[in-house]
Amino acid sequence: MQGETLLKEPVNLIITGVGGQGNILVSEIVAQAGCRQKYNVVVGESYGLSQRGGAVSSHVRLFQHQEYGPIIPAAEADVILGFEPLEAARQVVDYGHKNSCLIINSHPVYPIGVLRGKNKYPSLELLFKKLREMVAEVLIIPATKLASQLGEAMVQNVVMVGALAGSGCLPFRADTFVDVIKKVVPPKARALNEKAFYLGLEEVQKIKSFNLSK
Amino acid sequence: MGWQDIVREESGKQVLLNGNEAMARGALEAGVHFVSAYPGSPSSEVTDVLAQVSENFNFYVEWSANEIVALEGAAGASFAGLRALCTMKADGLNVAFDFLTSMNLGGCQGGLVLVVADDPFGHSSLKEYDSRFLAAAAWVPVLEPSTVQEARDMVKWAFYLSEQIKGPVMVRSVTRVSHSRGIITLGDIEQTVREADFRPTRQFHTFARFHQEVRERLKQAEELFAVSPFNFSFGAEKADLTIFTCGTGWLYAKEALTSLQLEDQVKIVRLGTSFPLPQQFILSHLNGVKKVIFIEETRPFLEEKVLALYALHNENLGQIKFYGKATGHVSGIRGPECGEMNTDIVREVLVRLTGRPYHVPTVSLTKEEKKSLQASLPPRDYMLCPGCPHRASFWVVKSALALEGNNGIVTGDIGCYSMGAMETGFNLFNTLHCMGAGAGIAGGLSKLGSYGFKQPIVTLVGDSTFYHAVIPALINGRWNKANYLCIVLDNGVTAMTGHQPHPGSGKNAVGKEAEVISIEEIAKSFGFMVKVSDPFRCTEAIQDVLEFIRMPGLKVLILRQPCALVVSREQKRRKVIVRQELCRGDACGCMRFCTAVWGCPANVWDKEREAAAIDPAICVGCGVCIDLCPAGAIFWEGDE
């Protein structure tokens, strides 16, 4: 099993969000895409109790030479794909480094402490500014809004897969992702998920060309 | 999706599976005939998957009412010469333990394999537990996979081992094996066509004199372990410093070693057969070593066994210094024996002992940067799902006890409704332990009247828990004239572990129709006052709770509504809306009841209009907030 040589080994990706946002489907899509491109891959994920509105994260590691365990060491996540701003930022504290790339859905899901008025949710503007000062790349995707345009806010996770594909953070082709998505989602949801994928892909390309033109 | 690959893909093919799917494949490849289990994270998917494919391969699968019944059933199959698998989470082994210790004395016939999944860090458990100590206490051999591939390999080989020694074998998984995904190579599926052949023998009895036979079986296992490829070494051939590891520790140790470029100075000894330890293999790797580090999940099992072995042989082995959890050297942030193992923990010990600095492959964020970011992030506690009937039931109980006064006590137990001990469950529970414990504790408390105990007592139990562990406590309560209210939260499934059916679901493991064992009929047959109420009709349900609390004796109230996750998948309920012109906002005096107190995630606050709103994307239409809104501003769509 040998894909194109990885720029570093292992490549470490964290997928994070709130229980119920579809973390596990996305870690499966990314891992299957990795297999199709002939990389070795390991995924560590949390479910069970954490699915009930708690913070969830999956660790995906791509490698070619040595086998790795399913947990990414501290400060070694190369890419953080966050379905929720707070949870993405939380992963940066533990796993981010200067060259990390963050891809974040800008739609907040409020923790119960915030709903109860005990805690304050940070200003998104200030939070993203702070993250931009800390790491190499921060791509903010209005994924829930884009998914809602398709009539199904739940597919924000596949919009985010599109954004990941368009970000160039992983050495995977867009058509590899599309093939995998077709395989893992039920037949009646295929068209919707494919649309969601391309919405995310186009959005990130827009952001990147805008950043280049600055 | 992995489960489809398990059936479709051929031997030799590489597929991506999680650890539980891989163990299911291992059992299939061994030609398993009988599978029984009680669900529990992180073990559930092994049997979930086998239930999905059982008809393709024509073997028997059941979800059992609890773990001891599951293991007894599997043993029955083994006594008849068939291959049987029984899966459970670590806590379940306690439940099955009485039978395991008895049955293992005489042993069994067909391969009998237990898969027990521990949950270091308690990702989806209330306690961290090391099932290896129980296996050792029951004299049951233990295999410990490090990877998804080994999860398959070991389950398959465990059947062979069990038939060699004629005793049960345990495979100890952990969350990071069961819930990891990795690429594995599939093997051949054995077609073990066997007739059930139960030959009565004294062996299937329990007598103390059989202890000697168990010891013999363990010796036999140790002989097989001595030559097992599951035990191996890596790195320097001869080294002063050696890491002994098992389970997930192996890959963390390997990553730590290679990232420090210590492969030619340090040796790793990986044990795949944790109990009984292959003594000669261990001794040969202790020979000439000066320092030993132990890396393993949860508690110092391997460490204690190797230390004991060293104590017997130290004259020949010379001075060795040991570093592990028992010694306090190997520790995560929660302290030794707490939390999960990882690469960072191993690396820290290696850096300390070798003086070799670690050059991070990336540029780290500064401490100040991380501290400042962290300070701006509010915590995220668990939350009941939108429209969860437990939220309504908790509200009902809380309100009734507030109306009754006299500091009512609520005892709870294990399931999604453990969140009754958290903010999202209004911090309702006063006690939370194992399945069924709340009913027993309530019974005990209710007998303390002569010592001055006068508070009302309510216990909340789940539906699956009712069948699993509550029935004996109720019988005991009836017999001994206990005085409490038992509320069964009946949502129709074993929800927390992935919606497996239970005896009241009307379905069996493979989705076929099954008889509904009615909770109310069972309770009535014991002579209790019984009523079924709808937690979504809060006002009536509160009255029911009050009425039942005031009645003497033990009463059973069933609060019945299906799990919101099942409902949202299967049907669309009516839409709920807020007429914002009726919401009085912060002037209401309700302190934003719907968002801040009731706390369903679908009740949101519209900042622009300073009024309540419903998030239509997540509302499942339970309609409880319609009744609870003090201003009467929430409606069914069309009723406004």
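Order of the sequence lines fixes the chain letters, A, B, ..., with proteins taken first and strands second; residue numbering starts at 1 for each chain.
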Where on [X] is there a heavy atom nearer than 4.5 Å to chain A: the side chain, the backbone, both, or neither?
| X | result |
| --- | --- |
| B:L565 | side chain |
| B:T343 | side chain |
| B:T147 | side chain |
| B:R592 | neither |
| B:P379 | both |
| B:V597 | backbone |
| B:M341 | backbone |

Hydrogens and angles aside, do [X] and [Y] bring a side-chain donor and acceptor to less than 3.5 Å of each other?
| X | Y | value |
| --- | --- | --- |
| A:Q156 | A:T144 | no |
| A:E67 | A:N40 | no |
| A:D78 | A:H97 | yes |
| A:Q64 | A:T5 | no |
| B:S125 | B:K89 | yes |
| B:Q500 | B:T494 | no |

Output the option from [options] having the highest count of non-hydrogen pairs under 4.5 Å with chain A.
| options | value |
| --- | --- |
| B:G19, B:G40, B:S372, B:C388 | B:S372 |
| B:N342, B:D381, B:T175 | B:D381 |
| B:K370, B:R176, B:R380 | B:R380 |
| B:P601, B:G498, B:G182, B:S376 | B:S376 |
| B:P361, B:S364, B:S259, B:A596 | B:A596 |
| B:P378, B:S146, B:G599, B:P386 | B:P378 |

What part of [X] gets within 4.5 angstrom of chain B, counting heavy atoms only: side chain, backbone, both, or neither?
| X | result |
| --- | --- |
| A:L131 | side chain |
| A:E133 | backbone |
| A:E9 | neither |
| A:A74 | both |
| A:K118 | side chain |

Using a 4.5 angstrom heavy-atom cutoff, name the option from [options] with the most pairs to chain B.
| options | answer |
| --- | --- |
| A:N119, A:V42, A:I71, A:V60 | A:I71 |
| A:V109, A:V135, A:V114 | A:V109 |
| A:A75, A:S27, A:P111 | A:P111 |

Tell me whether the centres of the aromatic rings in [X] and [Y] are closer together than 6.0 Å.
| X | Y | value |
| --- | --- | --- |
| A:F172 | A:F177 | yes |
| A:Y68 | A:F63 | yes |
| B:W250 | B:F234 | yes |
| A:Y95 | A:H59 | yes |

So which heavy atom on A:L124 is nearest to which on A:S106, and how close? CD1-O, 3.4 Å
What is the distance from atom CG of A:L115 to atom OG1 of B:T595, rounded to the nearest 0.5 Å? 6.5 Å
Identified side chain to side chain donor-acceptor pair (under 3.5 Å) counterpart of B:N20 within the set B:S43, B:S44, B:S178, B:S173: B:S178
